[in-house]
Each structure stands twice: as C-alpha cells, then as structure tokens.
Amino acid sequence: MKLNIYNTISRKKEIFEPINPKHVGMYVCGPTVYGNPHLGHARPAITFDLLFRYLQQLGYKVRYVRNITDVGHLENDADSGEDKIAKKARLEELEPMEIVQYYTESYHNAMSALNVKSPSIEPRASGHIIEQIEMIEKIMENGFAYEVNGSVYFDVEKYSKSFHYGKLSGRIIDDLLANTLDLDGQDEKKNSFDFALWKKASPEHIMRWHSKWSDGFPGWHMECSAMSIKYLGEKFDIHGGGMDLLFPHHECEIAQSAAALGFESVKYWLHNNMITINGQKMGKSLGNFINLEEFFTGSHKLLTQPYSAMTIRFFLLQAHYRSTLDFSNEALQAAEKGLARLMTAYGSVSKLKVSETSTISINLDELNQKCFDAMNDDLNSPILISHLFDAVKTINLIISDNEQINKSDLDKLKSILDTFILDVLGLVPENNSTNEAVLSDVINLMLNLRMEAKAKKDFELSDKIRNELNKIGVEIKDKKDGFDWSLKS
RNA sequence: GGUCUCUUGGCCGAGCGGCUAGGCACCGGUCUGCAAAACCGUCCACUCCGGUUCGAAUCCGGAAGAGACCUCCA
C-alpha cells in the first residue's frame with residue numbers, strides 16, 4: 001500500500017506521487033505572531049510534523065517551508081482596516097518588531113517542547129515584500145487586478161472567466177455576491193468578494209513599505225503565494241494549514257498564483273480540523289483558547305492539573321487530523337495515562353530477557369506492515385497507536401514471563417518501536433522537572449527516615465542510609481535541627 | 001440566508017457492507033504480607049425513521065441535534 005492522502009480540492013484520498021521523485025516540497029501556513037501560541041496552533045504544527053517525519057521515513061527528501069506572518073492580516077478588509085500587529089503594538093506601546101520577536105520566540109519554544117521539528121525554511125512576510133510586489137505586478141500585467149487610490153485589488157469576476165474561483169472551498173461566485181451584502185467599507189472594490197493585494201497605509205499606520213502604487217503593505221494572502229513559489233517552485237506538492245484557512249485564504253492563494261503564472265501551483269491541499277472546547281472551536285476571537293504554556297503549568301482555570309508537552313502531543317495524535325477533537329480534562333488525563341503505559345513499555349524493551357526461542361503470539365512482520373498501512377491511509381495515527389499497544393501487551397507478557405522472545409525478534413520489535421514511536425510519532429521519553437521533583441522528595445523521605453532512626457538511637461540504620469546515599473552521589477550535611485543535602489557533581 | 005461537515009459504549013476516539021479497533025474509567029479474577037503495576041476475563045455502542053441488501057455503524061432518502069466556513073483566527 002502506498003501513501004494515500006486526502007486532497008481537499010478533490011475531496012477524496014489520492015495516492016501521493018511527488019512531482020519530482022524522491023523530493024517533496026511542502027508549504028504550511030504558520031502563525032501570525034501577535035499572541036501566545038495556544039492549543040489550536042499545536043494541531044497543524046503536529047499534524048504536518050507527522051507528515052514531514054513520515055515522508056522522511058519513506059525516504060523522501062523533504063523541503064518543508066512554514067512561514068511566520070509578521071505583517072499584513074488586516075483587521076478587516078475595509079479602509080479602516082489596520083495591521084493586526086501594528087494594533088497590538090500601539091496597545092502595548094512597543095515596536096511592532098518587538099512584538100514579532102517576542103511571540104516568534106514564544107512559538108518556537110512551545111514547538112520545541114512539543115518536539116515539533118523545525119521546518120527547512122521559515123520565511124517571514126516582512127522579509128519578502130519585494131517578492132510580493134513583483135507578484136502583484138505580474139497579476140496586474142495579466143489583467144487580473146486593478147488599482148484604486150493606491151490600493152490594488154484582485155478582480156475575482158474577471159479571474160473567474162478564465163479560471164475556476166471557488167474550486168477549493170466549493171463556493172460559487174453568484175452565491176458570494178448574494179451573501180456579502182452587509183459588509184461595509186467596500187466602496188473601492190468593484191465587487192465585495194474582491195480582495196486586497198496591496199493596501200495603501202493610512203498616515204498613522206506604522207508598518208509600511210514603498211511601492212509604485214503607494215506607501216503601504218501587502219494584502220493578507222500574498223505572502224504565502226510569493227514565498228511558496230520562491231522556495232518550492234512554481235509547482236509544488238503539498239500545501240497545508242487549518243481548515244479555517246480554506247476560505248478565503250487558500251482560495252485566494254490559488255487565484256493569485258494562477259493569475260500570476262497561468263496555472264495552479266499546488267498538487268495536494270491538506271487541512272487539519274479544529275480543536276473544540278465544549279463543542280465549540282477554540283479560537284482567539286472566541287476568547288476560549290488555552291495557551292500551551294498554561295497547559296504545561298496547569299495555570300488555566302479550565303485545567304485541573306498541568307499536562308506535559310508529550311501528553312498534549314499524544315492527545316492530538318490519538319485523534320485523526322481531519323476530525324474535530326474535543327478538549328476535556330478527562331480526555332487529557334486518559335491520554336496521559338495511555339502515554340505513560342506506552343512509554344514505560346518502550347523503556348523496558350532494552351531490558352527484556354532474551355530467550356533461545358520466541359513464543360510471542362504477535363507476528364512482528366505483520367505488525368510492522370500494519371503500522372505502515374495505518375500511516376499510509378491518510379496518516380491514521382490513532383490506528384497506528386492502537387497497533388503499538390499490541391506491542392505493549394507483548395512486552396508486558398515477556399516481562400511477566402508469560403511469553404519469551406529471541407534475539408532476532410527482539411531486534412525487530414525494537415526497530416519497529418524506534419521507528420514509529422520516536423521517528424514517526426515524535427514521542428520522546430520525558431525526563432523533566434517532574435522527575436527532579438520526585439527525586440528530591442525521595443531523598444527527603446530517606447533522610448527523614450534516617451532522622452527517625454537517629455531519634456531511636458538506631459545508628460546502624462541511620463549510618464547505612466547515609467553511607468548508601470553517599471555512594472549513590474548524595475552528599476549529606478547534618479544540621480542542628482535537621483539536614484541539608486546536595487548532589488555531588 | 002448560502003456552502004459544507006459531523007452525531008459511535010461512563011469518557012476520548014477508530015471504523016468506508018460481513019471479522020474483538022485502541023486508550024482511559026468501572027467490575028471480577030490471577031499474582032502480591034498489603035497496595036500498585038502487569039496479566040486474564042466481564043460489562044457498556046453505533047441520534048431517530050424509512051429504504052437498498054442474504055447481511056448496514058458503514059450505502060441511499062428523510063427527520064432531529066451539533067459544528068465549521070461565508071469577517072481576523074490553526
């Protein structure tokens with residue numbers, strides 16, 4: 001079975017065949033860096049991290065481009081629209097680039113905690129203004145854009161005479177016309193569904209660049225078109241992002257690229273579904289999002305406890321990327337326990353007793369194949385995980401002497417788990433602050449027992465505790481009213 | 001209003017016409033000085049109403065409920 005992925009544009013699973021054998025180009029819409037990364041950001045990051053890892057596992061050389069949006073993204077499409085980042089800057093009286101720097105770092109930190117691999121290239125919109133302007137010029141030359149008062153708009157009606165506008169999202173132009181009546185501030189545009197390619201900046205607008213039309217900034221969809229083409233070529237394999245970007249963002253990207261190049265750039269469109277909270281989308285605008293940092297520390301009021309980054313990752317991977325996933329403490333706790341069982345078993349593989357013969361009831365070649373089949377079926381990570389739990393069962397049976405395994409099977413087993421748990425799912429054994437806290441508690445417990453022994457004048461026991469701890473590497477300092485300790489370095 | 005999607009057991013979540021998904025929780029058992037872990041086993045499903053079929057959670061039609069997009073959002 002070959003890799004099949006669900007292509008949003010055809011609305012069905014298709015066999016994945018890269019344009020250039022062995023090489024894959026993949027572009028994913030990254031964050032707009034004007035706020036702390038939340039659980040919603042983790043979903044596409046982990047979904048496409050999974051795809052990135054799996055493509056590499058299959059032997060492809062992948063160039064993965066994920067942008068940082070640090071300009072554009074108007075508050076609305078009207079003249080009063082202002083740059084989202086500029087707005088936040090004014091509120092906090094910071095330079096826009098200060099905001100960008102801060103939240104980019106915050107995003108990177110969260111991603112690295114989640115063990116999301118860095119993309120091959122992480123271009124910024126602000127660093128590609130020239131490319132965007134050039135592309136707008138091309139679109140104008142081809143007659144699919146018009147200028148009004150220093151702003152440039154995409155002419156959707158004209159475009160739709162030569163191309164199919166709405167093919168990705170299933171939207172029909174006439175319907176759009178009928179349903180965008182109540183938006184105001186559309187006076188510059190020929191049609192309400194036209195969208196900005198270049199926007200003239202108002203005098204107070206901080207982020208602005210020169211162009212032949214005006215001092216202004218690029219429209220919100222331009223960056224992805226310009227940067228994907230720059231780094232992946234005019235035709236590339238995969239474009240991903242959240243489902244909420246399907247319209248208008250991705251639809252407009254298709255139109256821009258086709259208007260500039262004469263053909264479409266993207267072969268496979270992939271979209272991850274949303275995370276819901278009490279059945280509703282978790283989103284910035286709804287104010288019901290939980291920051292990743294809040295998950296790690298448990299500081300949000302909806303959280304009954306902290307959840308580690310790996311728990312979050314596992315939680316997301318236990319659901320298929322195209323399904324909505326509902327957040328709840330119960331579900332997170334279940335994920336935490338399940339992950340612990342998986343990783344405990346994985347950690348004990350290297351300590352398994354090797355026997356002459358294998359009596360294991362599981363067929364390892366079959367298991368390996370099933371794991372690949374699961375991933376090949378549109379990245380079905382929940383199924384993959386269910387197969388890995390079959391391996392967990394086998395490991396535990398060997399530990400409890402109910403089954404035996406020989407050297408070659410053990411190697412096979414280990415290799416399967418390394419491949420799928422570490423490389424593909426990207427789960428890493430956690431040895432974090434929790435462990436340190438436990439260690440500290442354990443040592444204090446030992447020393448308190450020693451205090452009790454001393455009080456009972458059981459010096460034999462108290463000395464034994466001290467000497468043994470010493471041997472392990474714990475230095476003990478007795479004090480008048482208790483004790484102190486440190487780890488020998 | 002338009003376009004689209006979803007509705008599975010106590011909870012999460014697979015499933016794409018016939019075969020135990022899986023995880024978590026619960027209950028019973030084995031093991032254990034006790035407990036935990038582990039293992040074995042039990043229980044609990046497919047929103048409703050029609051239809052197609054030898055056979056439907058799975059296909060078709062209808063109803064109800066929920067959600068997404070149509071405006072910045074992953």
Side-chain angles (χ1 to χ4, degrees), chain A residues 8 11-13 28-32 34-35 37-48 69 72-78 81-84 87 107 166 169-172 174-183 192-193 195 220 240-249 251 271-276 278-287 289 314-315 317-320 322-342 344-345 348 370 374 377-378 380-390 392-393 395-403:
Chain A
T8 309
R11 292 179 195 271
K12 53 183 186 235
K13 288 179 195 171
V28 174
C29 291
T32 304
Y34 70 109
H38 59 78
L39 189 58
H41 290 104
R43 187 115 202 233
I46 287 173
T47 297
F48 295 104
T69 297
H73 278 229
L74 299 164
E75 284 292 320
N76 57 53
D77 205 12
E82 64 182 323
D83 193 299
K84 193 171 257 179
K87 184 177 186 190
Y107 179 75
S169 59
R171 236 144 280 238
I172 297 158
D174 292 342
D175 293 346
L176 286 173
L177 246 183
N179 289 300
T180 44
L181 302 172
D182 52 345
L183 291 172
S192 55
F193 44 67
F195 53 92
W220 61 44
M243 255 179 195
D244 48 349
L245 296 177
L246 227 144
F247 190 90
H249 186 57
E251 195 71 62
H271 292 93
N272 62 275
N273 215 316
M274 303 290 103
I275 288 177
T276 59
N278 297 322
Q280 201 180 31
K281 184 173 84 161
M282 185 179 282
K284 192 124 184 130
S285 55
L286 297 164
F289 62 96
F314 187 70
F315 173 64
L317 290 170
Q318 259 192 318
H320 186 82
R322 283 194 290 115
S323 300
T324 55
L325 173 61
D326 199 56
F327 154 86
S328 72
N329 278 287
E330 262 186 311
L332 259 317
Q333 280 158 11
E336 183 176 54
K337 288 188 183 166
L339 175 65
R341 198 155 97 87
L342 178 67
T344 304
S348 52
K370 279 178 173 172
D377 186 13
D378 194 29
N380 201 326
S381 53
I383 294 288
L384 167 60
I385 289 169
S386 81
H387 294 320
L388 293 175
F389 273 106
D390 290 342
V392 167
K393 191 165 199 170
I395 292 165
N396 287 328
L397 283 169
I398 297 165
I399 292 172
S400 58
D401 282 330
N402 286 309
E403 288 190 346

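Letters A, B, ... mirror the listed sequences (proteins, then strands); counts begin at 1.
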Nearest whole Å is fine: how far is [N] [atom2] from [X] [atom1]?
X       : N      : atom1 : atom2 : value
N396(A) : C31(B) : CG    : P     : 19 Å
E336(A) : G23(B) : CD    : C1'   : 13 Å
L388(A) : A14(B) : CG    : C1'   : 14 Å
I398(A) : A38(B) : CD1   : P     : 16 Å
H320(A) : U5(B)  : NE2   : P     : 15 Å
E251(A) : A68(B) : CD    : C1'   : 16 Å
L39(A)  : C73(B) : CG    : P     : 18 Å
E330(A) : C26(B) : CD    : P     : 11 Å

What does [N] pair with, Watson-Crick or G-U, if both distances are under 3.5 Å?
N      : answer
G61(B) : C49(B)
G28(B) : C40(B)
G33(B) : none
C4(B)  : G67(B)
G9(B)  : none

Name the closest nucleotide to the [X] side chain, picking from [options].
X       : options                : result
F389(A) : C73(B), G23(B), C12(B) : G23(B)
L397(A) : C40(B), C12(B), A38(B) : C40(B)
Q318(A) : A21(B), C73(B), G23(B) : G23(B)
K281(A) : C24(B), A38(B), C73(B) : C73(B)

When rounded to the nearest Å, what value does the distance between [atom1] atoms of [N] and [M] take?
N      : M      : atom1 : result
U3(B)  : G10(B) : C1'   : 36 Å
A64(B) : C16(B) : P     : 29 Å
G29(B) : G23(B) : C1'   : 22 Å
A14(B) : C46(B) : C1'   : 13 Å
C69(B) : C44(B) : P     : 39 Å
C24(B) : G65(B) : C1'   : 27 Å
A25(B) : C39(B) : P     : 12 Å
U32(B) : G9(B)  : C1'   : 33 Å

Which part of the nucleic acid does [X] contact within heavy-atom distance under 4.0 Å: base, sugar-phosphate only, or nothing?
X       : value
Q280(A) : sugar-phosphate
D326(A) : sugar-phosphate
K13(A)  : base
I275(A) : base
M243(A) : nothing
G242(A) : sugar-phosphate

Can you check whether [X] has a side-chain N or O nearer than 4.0 Å to OP1 or OP2 of [N]?
X       : N      : value
S323(A) : A14(B) : yes
R341(A) : C24(B) : yes
K337(A) : A25(B) : yes
N380(A) : G15(B) : yes

Would you name the heavy atoms of A374(A) and L384(A) that are closest together and state the gap between them?
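Here A374(A) and L384(A) meet closest at CB-N, 3.7 Å.
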
What do the steps show when you test N273(A) against T324(A) for side-chain hydrogen bond (donor to acceptor under 3.5 Å, both in side chains), and what is the final call?
CA-CA 5 Å; N273(A) 215 316; T324(A) 55; 5.3 Å; no

From [atom1] ([X]) to [atom2] ([Y]), nearest 0.5 Å:
X       : Y       : atom1 : atom2 : result
F247(A) : R171(A) : CZ    : CZ    : 5.0 Å
F314(A) : L342(A) : CZ    : CG    : 5.5 Å
S381(A) : H320(A) : OG    : NE2   : 7.5 Å

Any L39(A) side-chain heavy atom under 4.5 Å of F289(A) side chain
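No, every pair of side-chain atoms sits at 4.5 Å or beyond.
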
Any non-hydrogen side-chain atom of L246(A) less than 4.5 Å from a side-chain atom of T8(A)?
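A side-chain contact under 4.5 Å exists here.
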
Given RNA chain B, 5'-ward residue of the pair K393(A) and P44(A), judged by closest heavy atom
K393(A)

Given that I385(A) and S328(A) both sit by RNA chain B, which one's nearest nucleotide is further toward the 5' end?
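First, find each residue's nearest nucleotide; the 5'-ward one identifies S328(A).
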
Residues in salt bridge (Lys or Arg N to Asp or Glu O under 4.0 Å) with R322(A), at least two apart?
D378(A)

